[in-house]
Trainee: 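What follows is a structure written as structure tokens; I'll ask about it next.
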Number of protein chains: 2
Amino acid sequence: MVTIYDIAKKANVSAMTVSRVINNSDKISKQTREKVEAIIKELNYIPNSSARSLISKKTNILSLMITDIANPFFTSVARGAEDKALQMGYQLLLCNSDENIEKESKYIDMLISTGTDGVLIAPASDLSKKNIHKLTKYKIPFVLIDRYISDLKCDQVLSDNETTTRKLIEHLIELGHKRIAIINGPLDIATSRERHQAFCDTLTLHGLEVNKNWIHQSELFRDSDVTDIVSNLLELPAEKRPTAIFATNNFLGLNTVKALKKHKINIPEDIAVVCYDGVPNYTENEPFLTAAEQPSYNFGYLGAQMLIERIENTCPEVPRKIVLPAELYIRESSNYTIKDLKR
Amino acid sequence: MVTIYDIAKKANVSAMTVSRVINNSDKISKQTREKVEAIIKELNYIPNSSARSLISKKTNILSLMITDIANPFFTSVARGAEDKALQMGYQLLLCNSDENIEKESKYIDMLISTGTDGVLIAPASDLSKKNIHKLTKYKIPFVLIDRYISDLKCDQVLSDNETTTRKLIEHLIELGHKRIAIINGPLDIATSRERHQAFCDTLTLHGLEVNKNWIHQSELFRDSDVTDIVSNLLELPAEKRPTAIFATNNFLGLNTVKALKKHKINIPEDIAVVCYDGVPNYTENEPFLTAAEQPSYNFGYLGAQMLIERIENTCPEVPRKIVLPAELYIRESSNYTIKDLKR
DNA sequence: CAACATAGTGTTATCGTTAACATTCTAACT
DNA sequence: AGTTAGAATGTTAACGATAACACTATGTTG
């Protein structure tokens, strides 16, 4: 390994002078600088980050803690974060928590040990607060993305859950739906709670029934038990059966559709489906699912930007909060007014 | 920050003793060990990786260099790599090269500086050889995934391009197709070349025409110019127009379908489409595209495993090569024998 | 009982870089 | 000429952990 001493020796200067050249310090004669730079190039010198970090306490590594990179929402978040990170001279460490508090905790310990400069985190659940506190203790800046945690003063990039949910539900109401069900994630995730609340509020506002038989939470924000929930809904007597389902994230939406199809339920004629989150248009057919699509790339991009500003102290001290709007795409899965229904 | 000296002081031992406790050295009395461990816990001590790396030259960081995490193939590779990495006590750094040699080169320099323990790399193109040589120079182990580079002696996890391509093409031939086109990625990527070669070989083997009007390369393994290529194919006189198209990766396949639909071409009645790579079944409708699906998760998982074995020197010195088979899923986009065709 | 093995612990130097202070040298001013 | 400012460079110590060696008690052996 080539070190500054090798450079220094060959250039007949001290190591410190080499260090100054590397760090673009100004107090260097043009002559010396050029001599040193030539030798750096010649020997293919690359500075050792460990040694630098040891002194500077900076690693130029950001960490992205998400629940699962395979969720297309987070894939896109990761891409955004990575783009901003690279642009600002940082590298990005990837951590999948799988919505598991212990895994998250173990990861946080590793991150502290590695000495990450900051963490972009979509917490596994409310219980993540304990894990996040460890970051605070070690003075590692972090930015919450997608899921907020109450009583935590920090930078955040969140979705406008209230407005977006209301738009989705009002879209259904306009179509004439009166019995609307929700298939939600676990209520110890802020996102779920907010979407739940907005769902109930919107129904109430429009004088519609909020029936607890139509309110369901899946164990995870994944495919876990959607099939059962859908079966449950379908077992309700005809006049008590929902005519529309609101799924609160992409996986839940897709699995709801799958479950309904398995039961030979026609969408949207028998039951309409709307969904929070989009899914990438990998489908060759026209997109089908009515969805509120989030600017996921920007969750990562802006999150990373805020994080870096926090790390480099180029922003006001007060926590900042960015709320990103989602865009409603009305598609086939809901495109049927209730009066068209055959029932 | 809590250091071993803080622990040592409080425990009335030397720093070295603390270090021994941390590293599970055996020559420590049970009594001392317990005392030190208690204080470590009490003070919430977490070892400083930079300091450790400086001595040990190990960072416990693996790097994953792929072209784009947003490509579902690589998303899944990343997930596999991360799982194995965590399991073995490593963290994973994410790098998107965007098939860009300069970006890749810049990244490699950063990785060398950070001192990554090893790199899992899907090279941007044949020109990546220069970048990879830098890794060799710094004695950083690496494993090639998905795309090989000629004359490079190293561990590899590759797809069985020859067999898989042949299976796809023979599937078309069995259906009665005689005029088959290929929409491929750039030929400076090994994967493209192999699929190209296998495509030609299979046609020849079956006595079918290999017409250069039916052979096309897109500028990138992406959506870049597929629309033009498809238009080109469609402009051929009826008797010279291909009845089937082989797209050599997921993005090319999807864009081929899109382009055909825009021209109101029926798939598979007018033109059948088959595709190398699967796409995640995010679609609520039945999957449509006939595809050879690769075990992408295992590209990452096995790749990381080989890499770690190489790093920890727990494997034979000779380069190892894993060739993973793809599985053929016959679906609607090709499910039409030629004699059914109306033409 | 001397000689020596060994378990347990401490000391010192080192990894590669940089902060802080020290030194040298030139040029400018009184 | 003597003083001084400041530009350019060097020296030393430190960051936190650990390798290599040194030391101190024990106990063990012939």
Side-chain angles (χ1 to χ4, degrees), chain A residues 1-37 39-40 43-61 109-110 112-117 138-140, chain B residues 1-37 39-40 43-61 89 109-117 138-140:
Chain A
M1 167 172 262
V2 184
T3 73
I4 45 170
Y5 283 94
D6 302 320
I7 310 288
K9 205 166 167 187
K10 194 149 189 180
N12 248 314
V13 295
S14 73
M16 199 55 220
T17 300
V18 178
S19 175
R20 287 196 180 97
V21 170
I22 294 165
N23 294 287
N24 277 311
S25 163
D26 41 353
K27 304 212 164 175
I28 288 278
S29 73
K30 203 177 163 200
Q31 199 187 4
T32 314
R33 147 160 290 132
E34 277 164 5
K35 184 173 59 178
V36 170
E37 274 169 351
I39 294 175
I40 284 179
L43 297 190
N44 239 306
Y45 164 78
I46 296 186
N48 179 316
S49 291
S50 299
R52 281 184 155 176
S53 303
L54 190 54
I55 290 195
S56 68
K57 317 288 180 217
K58 273 214 65 180
T59 54
N60 281 297
I61 293 180
D109 282 357
M110 290 176 83
I112 291 171
S113 176
T114 308
T116 191
D117 285 346
Y138 280 83
K139 299 204 175 38
I140 297 179
Chain B
M1 167 172 263
V2 184
T3 74
I4 45 169
Y5 285 93
D6 302 319
I7 309 287
K9 205 168 169 186
K10 194 149 186 178
N12 246 314
V13 296
S14 74
M16 201 51 221
T17 301
V18 178
S19 174
R20 289 195 181 98
V21 170
I22 295 164
N23 293 287
N24 278 311
S25 162
D26 40 354
K27 305 212 166 175
I28 288 278
S29 73
K30 204 178 162 198
Q31 200 188 1
T32 316
R33 150 159 285 131
E34 277 165 5
K35 184 173 62 180
V36 171
E37 274 170 351
I39 294 175
I40 284 178
L43 296 191
N44 239 306
Y45 165 77
I46 296 185
N48 180 317
S49 291
S50 299
R52 282 184 155 176
S53 304
L54 191 53
I55 289 193
S56 69
K57 314 288 180 221
K58 273 215 63 178
T59 54
N60 281 297
I61 293 179
D109 282 357
M110 290 177 83
L111 294 182
I112 292 170
S113 176
T114 308
T116 192
D117 286 345
Y138 280 84
K139 299 202 175 38
I140 296 178

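Below, each value reflects all heavy atoms present in this structure, side chains not excepted, and no hydrogens, waters or symmetry copies.
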Trainee: Could you state the atom-to-atom distance from CG of B:Asn23 to C1' of D:dG16 in whole Å?
Mentor: 13 Å
Trainee: Can you tell me which nucleotide in C:dG16, D:dA17, D:dT9 comes closest to the side chain of A:Met1?
Mentor: C:dG16
Trainee: Please report the distance, rounded to the nearest Å, between CE in B:Met16 and C1' in C:dT14.
Mentor: 13 Å
Trainee: Checking all strands, does A:Ile4 fall into the base, sugar-phosphate, or nothing category for heavy-atom contacts under 4.0 angstrom?
Mentor: base
Trainee: Throw together a table of side-chain donor-acceptor distances under 3.5 angstrom for residues 15-22 of chain A, partners on residues two or more places apart or in other chains.
Mentor:
from, atom 1, to, atom 2, distance (Å)
A:Thr17, OG1, A:Ser14, OG, 3.2
A:Ser19, OG, A:Asn23, ND2, 3.4

Trainee: Report the end-to-end axis angle of the helix from C:dC1-D:dG30 to C:dT30-D:dA1; each axis comes from five terminal pairs, and the value is rounded to 10°.
Mentor: 60°
Trainee: Should B:Ser50 be listed as having a side-chain N or O under 4.0 Å from OP1 or OP2 of D:dC15?
Mentor: no
Trainee: Does C:dT9 have its OP1 or OP2 closer than 4.0 Å to a side-chain nitrogen or oxygen of B:Ser29?
Mentor: yes
Trainee: Who are the salt bridge (charged side-chain N to carboxylate O under 4.0 Å, His left out) partners of B:Glu37, not counting sequence neighbours?
Mentor: B:Arg33
Trainee: Of A:Tyr5 and B:Thr32, whose closest DNA chain C nucleotide lies nearer the 5' terminus?
Mentor: B:Thr32
Trainee: OP1, OP2 of D:dG16 versus side-chain N and O of A:Lys57: anything below 4.0 Å?
Mentor: yes
Trainee: Of B:Val13 and A:Ile22, whose nearest nucleotide on DNA chain C comes first from the 5' end?
Mentor: B:Val13
Trainee: Does A:Lys58 have any side chain to side chain contact (heavy atoms under 4.5 Å, CB included) partners at least two apart in sequence or in another chain, and if so, which?
Mentor: A:Ser56, A:Asn60, A:Tyr90, A:Asp117, A:Ile311, A:Glu312
Trainee: Where the side chain of B:Ile28 is concerned, which of D:dA14, C:dT9, D:dG16 is the nearest nucleotide?
Mentor: C:dT9
Trainee: Side-chain N or O of B:Lys27 versus OP1/OP2 of C:dG8: is the shortest distance under 4.0 Å?
Mentor: no
Trainee: At a cut-off of 3.5 Å, list every protein nitrogen or oxygen paired with a nitrogen or oxygen from nucleotides 21-24 of chain C, distance to 0.1 Å.
Mentor:
none

Trainee: Please list, pair by pair, any protein nitrogen or oxygen found under 3.5 Å from a nitrogen or oxygen in nucleotides 24-26 of chain D.
Mentor:
none

Trainee: Checking all strands, does A:Ser14 fall into the base, sugar-phosphate, or nothing category for heavy-atom contacts under 4.0 angstrom?
Mentor: base
Trainee: Rounding to an integer number of Å, can you tell me how far A:Arg52 CZ sits from C:dA19 C1'?
Mentor: 14 Å
